[in-house]
Every structure is written in C-alpha cells, then in structure tokens.
Amino acid sequence: MPSERDLEKYAELAVRVGINVQQGQTLVVTAPLTAADLVRGIARKAYEAGAKNVHVEWNDEQLTQIKYKLAPDEAFTEYPMFRARGWEEFAENGAGFLSIYSPNPDLLSGIDPQRVATATKTAGIALQGWRNYTMAHRVSWSLISTPTPEWAGKIFPDLPAAEAESRLWELILKAVRVDRDDPVAAWKAHNARLAKTVDYLNRKQYKQLVYRAEGTDLTVDMPHNHVWHGGSTENEKGVTFNPNMPTEEVFTMPHKDGANGVVRSTRPLNHGGNLIEGFSLRFENGKVTDFSADKGYDTLKLLLDTDEGARKLGELALVPHRSPISETNLIFYNTLFDENASCHFALGRAYPTTIQGGTGMTKEQLEANGANDSLVHVDFMMGGPDLNIDGVTADGRKEPIFREGNWAIELD
Ligand code: ZN
Ligand code: ZN
C-alpha cells in the first residue's frame with residue numbers, strides 16, 4: 001500500500017497539476033468509497049491551494065450492482081435532475097471536476113446490457129449541459145485512478161488480494177510520476193515533450209492518415225484545421241490543467257464522414273461494467289456498417305446503436321508502443337490506462353477543441369466542419385507492435401508517422 005507521503009504527493013499532484021485549483025474556486029470530486037484516504041488528502045491540498053469549497057460525491061460499486069440487479073426497469077430511464085442541474089451550476093461558476101475512476105471491469109457481467117445502455121443514455125442526455133463545459137474545456141477537469149480490490153484482482157488474478165492491490169498502487173504511482181522526487185516538475189517536462197509532437201503534427205496538417213496492422217486497414221480523412229492536443233491544456237480562463245493522469249497520447253479529431261476500411265481492437269474495452277474483446281469495425285464513409293466481437297457483441301451493438309454519432313469516430317490518438325504504460329505488458333481493463341498504452345480511436349462525440357475555433361461554434365457549424373456529435377464518447381484501443389501509420393500531405397505525398405508501433409518522425 002502507498003506510504004502516507006506518496007498519498008500526499010498524489011493528492012498534491014491531482015490538485016496542482018490535474019485541476020490546478022485556483023484561489024476561490026470550488027473543487028468537485030467524484031470518488032469511490034475505497035479512495036477515502038486520498039480524497040481527504042485532496043481536500044486538504046485543495047484548501048491549501050485556495051479552494052473555496054471541496055464538494056465530494058461518493059460512489060460505491062456494490063450499491064450500483066444492487067440497483068442493477070433489483071431496481072425496476074423504469075429506474076434506468078430517470079436521472080436525478082438536481083444532480084444534472086447542480087453539476088451544470090458548478091461548471092457555470094467555474095468549478096474544477098476531479099474524478100477518481102476505478103471501475104471493476106466485471107461489475108455488471110450477468111446484468112442485461114440493455115439496462116446498462118438505457119442508464120448510460122439517460123445519464124448522457126441529462127448531463128449534456130454539463131458535458132458541454134467539460135468537453136469544450138471551458139472548465140478544468142481531470143481523471144485519475146486508485147486501485148480497488150476487484151480491479152487489482154482482474155489484472156493480477158494469480159496474486160493474493162493484498163499483494164495485487166499493492167502492485168497496482170505501485171504501477172499507478174509510477175505511471176503518474178509520483179515515484180519521482182518532484183512529480184510536479186516531472187509533469188512539466190512531460191507536457192513539454194508532448195507539446196513538441198503536437199506542434200509537429202499541427203504544422204503538418206495531414207489530409208489523411210492511413211493505418212495498417214494485422215486486422216486493420218483503414219484510411220481516415222482529416223478535417224481542415226484540425227488541432228492536435230496532448231498533455232496539458234487550458235480552460236476558458238487560460239488556466240492550464242491535465243485532463244488525464246496518466247497521459248501519453250496526442251490526439252485530434254478525424255472527419256466524421258471520412259473513415260473507410262476496417263479496424264481491429266487490440267485491447268479489451270471495459271464499457272459500462274462489461275468487457276468487449278477482440279472486435280472489428282468496418283467503416284464506410286465514416287460510419288460503422290459491419291462489426292464483430294469475440295466477446296461482448298451485445299454490449300458493442302448497444303453502444304453502436306446509442307445514436308447516429310455512436311457509429312462514427314470522434315477522436316484519433318497516437319501512443320507509441322514503446323511507452324511507460326505499454327511497457328508494463330499488462331492489460332489494465334481501464335480505459336484511462338489502456339488508452340495511454342495504445343493508439344486508439346473514440347466512437348462518438350469529438351472534442352470541439354480539436355478543430356480551430358471549435359469551442360465557439362454552434363452544433364451545426366461543428367458538424368459542417370466534420371466534427372462528430374453523439375451522446376457517447378468511447379475510446380477503443382487498436383495500437384500494437386505491428387502498427388504502421390502514414391500521413392498523406394495536401395499534395396498527396398505519403399510520410400511515415402508510425403513504424404512498427406513507434407514514432408517514425410524526427411523531432412528537433
Ligand atoms: Zn484518447
Ligand atoms: Zn477519448
């Protein structure tokens with residue numbers, strides 16, 4: 001288990017680098033009960049940093065499971081509107097949103113996936129107003145993880161429970177650089193490195209990316225004026241924050257109507273408490289027209305049927321195979337970790353920040369510029385040691401971006 005000192009460093013990192021809490025700001029934390037020690041530390045650090053208020057919402061997976069097992073169907077068609085409005089009000093007043101994300105990948109196995117899909121969609125609709133703030137980076141938000149016994153047990157099924165949890169703690173603290181003497185400074189350097197790659201790709205403005213790997217043969221059109229991001233970003237007040245900790249990706253949006261070919265997943269996808277594994281998606285003019293899955297087909301189908309935009313891509317992200325999380329050689333069954341070990345796409349909504357002027361555009365303008373819209377945004381992993389990616393320039397030349405899973409570009 002982590003030392004008190006490490007927990008304190010992690011709390012400080014979340015407050016100072018994840019959200020970058022400002023004087024007089026409210027910090028909203030959602031966390032599992034199992035993260036209580038860390039959350040108390042976060043509250044302490046946040047007040048020390050000048051927070052006006054720290055509002056904590058606890059969640060408990062056992063309660064979630066009880067509800068899915070026993071509540072009537074109608075329960076999943078309602079969302080508490082006081083919560084949706086409250087979150088929007090927090091955002092309107094410039095609060096920062098820190099989520100501790102540690103789902104048990106098997107939490108809802110055995111539960112009718114239709115129930116889960118209904119609940120996800122209901123929440124998606126209710127929280128749309130709030131999501132407009134977070135997805136456009138109008139407010140600071142950040143996602144971090146802490147181990148739970150169930151999650152650790154899934155990664156290390158052969159270890160005794162306590163050992164599995166300790167091992168996962170170690171990996172998480174390493175991935176977020178809490179093992180360094182000065183994690184805050186280490187993040188500055190890491191963000192600066194990612195920014196270099198981002199600048200390079202932004203200058204290139206490729207018109208297409210071409211992906212080839214076993215089971216993958218996909219060409220993706222890029223919208224005009226797409227913007228790459230990676231590492232830290234700024235909210236509308238110009239305050240820097242880190243949306244994901246850890247993060248190794250650089251990402252942008254593909255054109256919503258521009259994917260053609262087939263892509264095969266390389267890591268399981270934990271979607272709403274169910275795993276989807278070994279799946280392939282066939283795209284025609286941006287839209288999934290055919291799909292298969294070794295496991296979790298029904299969950300995948302429900303995800304794709306959420307709405308029109310759930311069948312189209314809203315994000316593409318590049319992560320070298322030779323990177324810290326990938327090199328653990330572990331499957332984390334947690335998108336925050338697996339997406340930072342692998343190139344990925346997201347089905348669903350695009351980040352308005354990934355097109356020039358996007359945060360000031362209307363829904364219609366975003367669409368006209370190629371940005372996908374949906375109630376969902378679900379990352380799935382497709383990178384691996386055999387992935388090659390080429391960028392096609394405006395004048396039709398092909399340039400290598402990835403060779404055998406790793407960067408093929410030269411940065412100064
Ligand atoms: Zn991503
Ligand atoms: Zn994403």
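Position 1 is the first residue of the sequence; numbering continues from there. Indexing begins at 1, ligand by ligand and atom by atom, following the structure's order. These values consider heavy atoms only, across backbone and side chains, with no hydrogens, waters or symmetry-generated copies.
- Shortest distance from the Zn ion (ligand 1) to Asp379 is reached at OD2 (N/O/S atoms only).
- Minimum-distance N/O/S atom of Glu315 relative to the Zn ion (ligand 1): OE2.
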Decide side chain to side chain donor-acceptor pair (under 3.5 Å) for Asn406 and His321; before the verdict, give the C-alpha distance in whole Å, the side-chain angles of both, and the deciding distance to 0.1 Å. CA-CA 6 Å; Asn406 291 304; His321 190 64; over 6 Å; no

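- For residue Glu339, no N/O/S atom approaches the Zn ion (ligand 2) to within less than 2.8 Å.
- Using cut-offs of 30° and 60° on the angle between ring planes, the pair Phe90 and His55 is tilted.
- Once rounded to the nearest 0.5 Å, the distance linking CD1 of Ile409 with CG of Leu411 reads 4.5 Å.
- Counting only residues at least two apart or in different chains, salt bridge (Lys or Arg N to Asp or Glu O under 4.0 Å) contacts with residues 359-376 comprise Arg349-Asp373, Lys363-Asp373.
- The Zn ion (ligand 2) has an N, O or S atom of His377 inside 2.8 Å of it.
- Applying the salt bridge (Lys or Arg N to Asp or Glu O under 4.0 Å) test between Glu277 and each of Arg267, Lys295, Arg264 identifies Lys295 as the sole match.
- For the Zn ion (ligand 1), the nearest N, O or S atom contributed by Glu249 is named OE1.
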